[in-house]
Structure formats: C-alpha cells, structure tokens
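Take a look at the structure below.
Side chains included, hydrogens not; waters and symmetry mates left out as well; all remaining heavy atoms used.
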Amino acid sequence: MNGGSSMLTRRHWLRRGAGLAASLGIAGIAGMARAQAGRPFTMSYGWVPWAAGNSPVTQYMIGKRLIEKHAAEFGYDLTVDYRAYPAAAPQVEALAAGQLDMAMWGNTPTIRAIVAQHPFSLVSVAEGRLRFLLCTRKDSPIRNVQDLKGKTVGTLMGADPYNAFTQILRYELGNPDPAAHGIRMVHISTLPEAAQVPAGTDATLAVYPAFLRAQATGTVAIMNSYGYTEAHYDGPEGKGAGILLPSVKNSPFYPDGYYLHRSFRIVHNSLLEKHPNLVLAFLMAQQEAVGVLSESEPAAVSQLVKSYWGLSPADGAKVVRDEVVFRRGWAWSTEGDALSLLATSKMIAGAKIIAEPLSWAQVKSVFVRTAPLVKQAYDRLGAKPVLAEFQSAKVGDLRGLPSWELGRWKDRV
C-alpha cells in the first residue's frame with residue numbers, strides 16, 4: 001500500500017447524464033428561460049490543467065460542451081472562455097479586477113481572498129486529496145524528514161505545497177516552522193519545476209502528477225502527505241514505500257493525512273447575482289462530468305489531459321485514483337471541505353501570511369449565496385447521494401453535511 005485507495009463503488013445514478021431531462025420543468029425556471037431565450041452570453045472560466053482532478057473534469061466539460069448544454073436549458077446561448085492558469089494567484093487577481101467570472105482556487109488563495117473581502121462565493125469542490133510528495137534526487141543522502149535539518153527546500157510558497165510541508169514538519173519534527181530546524185525555504189513558481197528538484201535545492205515539495213513525470217529525470221520521493229513512505233525512504237520506520245508513519249495519526253485530518261487539501265470552484269458575486277442560472281448550469285455540468293468519469297477507467301480518464309500531465313495511462317491512473325471527487329462520485333461541498341479553510345487559515349496565520357485566522361462565520365459566509373443553487377442542482381440530479389453518505393465515517397476523506405445544510409453545521413473556533 002502507498003497511501004492510495006481504490007475507487008469507490010461505481011455510481012450508476014449519473015451514468016452519462018441519464019435522467020437529467022426528467023428533472024427539469026420547474027415553472028419559475030422555465031419562465032425565466034423563455035424570457036432569456038437565445039440570449040448570447042460569454043462567461044470566462046479559469047482552471048489549472050497541471051493540477052489534479054479539476055483537470056480531466058474540466059477537459060471533459062470542454063469536450064462535451066456541458067456548461068453550454070445546461071445553460072441552453074435556461075435560455076442562454078453560452079460561450080465559455082476557458083483560461084488555463086499555472087496556479088491560483090493570477091486567477092485571484094483577475095477575479096478581483098472583474099476580469100474573470102469563475103475560477104479554481106486552492107485553500108490558501110481562497111483564504112487570502114476572504115481576508116481581502118474579494119466579491120466571490122464558493123460553488124463546489126474542484127479537487128481534493130492531492131498527493132504532495134517530499135522529493136529529492138536519486139543520489140541524495142536525504143532519506144527521511146529528519147535528514148532535512150539544515151538543508152534547502154523549495155516549493156510553491158504561500159500555497160498548498162508549502163502548507164503540507166509545514167504540517168509534515170509539525171508531526172514528524174514537532175515544529176511546523178522550517179527555520180526551527182535550520183531549513184532554508186526557496187520559492188519555486190511552477191508545479192513542474194518543483195518536481196525537477198532544481199539546482200540550489202536539496203529537496204522539494206511537489207504534486208503527484210508533476211512528480212510522476214519527473215521520475216524519468218531522476219527525481220525520487222521520500223514520503224507523501226497521506227503519511228506513507230515512498231521508495232527513497234530509509235529511516236526509523238524501515239525502508240522503502242508503503243509504510244504508514246505513526247505521526248500522521250496525530251493529525252486532526254487523518255485519514256486525509258497531514259494536510260486537508262481541497263480546491264474549490266469559485267464564482268464572482270456579480271455573475272451569481274445577475275445570472276444565477278449560469279451557476280446552476282455549471283453545477284449540473286460539473287456533476288455530470290464527475291459522475292461519468294467516476295464510472296470510467298482511471299487510465300482513460302487521465303489521458304483526457306495527457307497534453308498537460310504528460311503521463312502514461314498507468315501513471316495517470318494513479319493520480320485519478322487519489323482524487324476525492326472521483327472517490328466520492330460527486331462534487332458537492334461539505335462541512336468537512338469547509339473545515340479545510342478554517343484549519344489552513346490557522347496554519348498560515350501562524351506563518352504570518354495572514355494577520356489572524358479566519359472565523360468560522362467568515363468561512364461559512366462564502367457558501368451562503370450559492371447554497372440554494374447547489375440544492376437545486378442536487379435535487380434536479382436525483383438527490384444523490386442520500387444525506388447519510390455525506391456523514392458516513394466509513395470513508396477515507398472528511399465529509400459532513402452539504403452546503404445547503406449550512407444552518408446545521410457545528411459551531412467551531
């Protein structure tokens with residue numbers, strides 16, 4: 001075992017969108033659709049094709065014109081302007097400037113946007129459980145976390161890879177601050193570059209798709225953010241891959257691992273207010289894509305984005321099997337997903353990236369405007385899964401009640 005998990009039972013309730021038409025016909029929505037019949041509209045949409053599960057889902061939506069299809073049900077002649085970004089930061093800037101309607105952000109950019117009071121709301125989960133790996137070169141004497149003391153480590157600073165690294169340090173070495181261990185941090189601006197372990201670094205924190213591609217150039221991995229060792233590990237727990245490090249069980253995010261990674265689909269509030277049915281169309285399109293791809297062979301799913309990931313079917317399947325939306329078979333946001341924002345805000349406040357952690361009220365505020373639309377999409381698609389599945393403890397990821405049950409979420413500090 002290497003920290004991955006086999007795909008959950010295939011969902012037949014969303015097979016290639018069957019039953020969508022039967023869920024239509026609400027009188028008020030139909031009336032609005034007639035009023036907007038044939039209305040041309042262009043919606044800009046940001047995504048990160050070099051990341052994880054958002055990539056094949058978005059590519060499938062592009063290929064099948066799913067957002068356009070569902071927008072037509074509400075009377076729109078929609079053109080989607082898909083914009084590929086290397087990371088979330090430039091998307092945050094574009095959305096804040098009113099130049100982007102929808103986007104895909106990880107935990108940290110979302111938190112910083114909440115602090116900055118940018119006008120956005122969270123729509124759904126874009127991806128989650130991305131595997132972060134502690135990497136080095138194949139001839140490196142660094143074989144475990146203890147060996148990092150006094151070394152130089154590179155990663156995407158102020159983002160999920162850095163946060164995952166600090167939590168590995170917290171539970172393996174007792175302190176999340178790299179400086180406390182004499183570790184010098186270096187910013188690496190792109191995910192593929194980090195996986196190459198560039199000159200001037202002894203190790204890096206990389207994401208799984210980029211690492212798998214970089215293996216051919218001599219990159220090796222020591223451990224991953226799920227708490228399992230990788231092939232280059234040699235330390236107190238043994239040697240080689242697949243060993244569960246005991247320290248991960250001290251993390252509040254276990255079984256997700258040392259770090260609760262989630263990325264979200266974001267919408268500018270102006271689009272949400274003026275064209276709510278386009279957000280509803282997006283939700284239905286995303287869920288249709290997730291439903292189909294969850295039932296598909298992981299290797300085939302990965303090849304939808306071969307031009308970005310650059311992986312063989314066998315390696316690409318490893319990334320797909322990790323993905324939380326494919327493991328679940330749905331992309332609705334839950335209380336557990338929201339918790340990733342609260343917990344990460346505490347981490348980055350401690351690192352002085354933001355002045356103070358978010359309050360639970362601040363976290364919940366970015367779900368309020370979209371919650372009724374998410375419930376509409378859920379109902380139109382057959383109200384699947386049942387609420388009990390959202391709250392099941394017999395799964396490998398943190399869940400909880402969905403966003404439309406926001407009023408029943410637990411109080412947190």
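In terms of heavy atoms, Glu237 sits closest to Ile243 at O-CD1, 3.6 Å. Across all their heavy atoms, Val186 and Thr201 have their closest contact at CB-CG2, 4.5 Å. Heavy atoms only, all atoms of each residue included: Leu304 and Gln59 are closest at O-CG, 3.4 Å.
The environment of Arg369 atom CZ is sparse: at most 12 non-hydrogen atoms of other residues, nucleotides or ligands sit within 6.0 angstrom. Atom CZ of Arg65 has 12 or fewer neighbouring heavy atoms from other residues, nucleotides or ligands inside a 6.0 Å radius.
No salt bridge links Glu389 with Lys384; every basic N to acidic carboxylate O contact stays at or beyond 4.0 Å. Between Asp397 and Arg399 there is a salt bridge, since at least one side-chain N of the basic residue sits less than 4.0 Å from a carboxylate O of the acidic one. Salt-bridge formation is not detected for the pair Asp202/Arg184: no Lys NZ or Arg NE/NH1/NH2 atom is positioned less than 4.0 Å from an Asp or Glu carboxylate oxygen. Between Glu230 and Arg143, no side-chain nitrogen of the basic residue sits less than 4.0 Å from a carboxylate oxygen of the acidic one, so the salt-bridge criterion is not met. One finds no salt bridge joining Glu323 and Lys318 here, because no Lys/Arg side-chain nitrogen approaches an Asp/Glu carboxylate oxygen to under 4.0 Å.
Taking the six-membered ring for Trp, Phe74 and His275 have ring centres at least 6.0 Å apart. The distance between the ring centers of Trp105 and Phe120 falls below 6.0 angstrom. Taking the six-membered ring for Trp and the full ring otherwise, Tyr85 and Trp50 have centroids separated by 6.0 Å or more. Taking the centre of each ring, Phe132 and Tyr258 stay at or above the 6.0 Å mark.
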Pair Arg213-Trp309, side chain to side chain contact (heavy atoms under 4.5 Å, CB included): steps then yes or no:
CA-CA 7 Å; Arg213 189 172 187 179; Trp309 289 358; over 6 Å; no

What verdict does the side chain to side chain contact (heavy atoms under 4.5 Å, CB included) test give for Leu401 and Trp409, after you've listed the backbone C-alpha separation in whole Å, the side-chain angles of each residue and the deciding distance to 0.1 Å?
CA-CA 7 Å; Leu401 288 169; Trp409 286 6; 3.9 Å; yes

In sequence, state the C-alpha distance, the side-chain angles, and the governing distance for Trp404 and Ser333, and then conclude on side chain to side chain contact (heavy atoms under 4.5 Å, CB included).
CA-CA 9 Å; Trp404 61 86; Ser333 297; over 6 Å; no

Under the side chain to side chain contact (heavy atoms under 4.5 Å, CB included) rule, what do Tyr228 and Val248 come out as? Steps first, then yes or no, please.
CA-CA 9 Å; Tyr228 286 83; Val248 73; over 6 Å; no

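Leu341 has its side chain out of reach of Gln362: every pair of non-hydrogen atoms, C-beta onward, lies at least 4.5 Å apart.
Using modelled atom types and a 3.5 Å distance limit, the side chains of Ser44 and Asp101 yield a donor-acceptor pair.
Using cut-offs of 30° and 60° for the angle between ring planes, the His261 and Tyr259 rings count as tilted.
Atom CZ in Arg321 sits 9.5 Å away from atom OG in Ser302 (nearest 0.5 Å).
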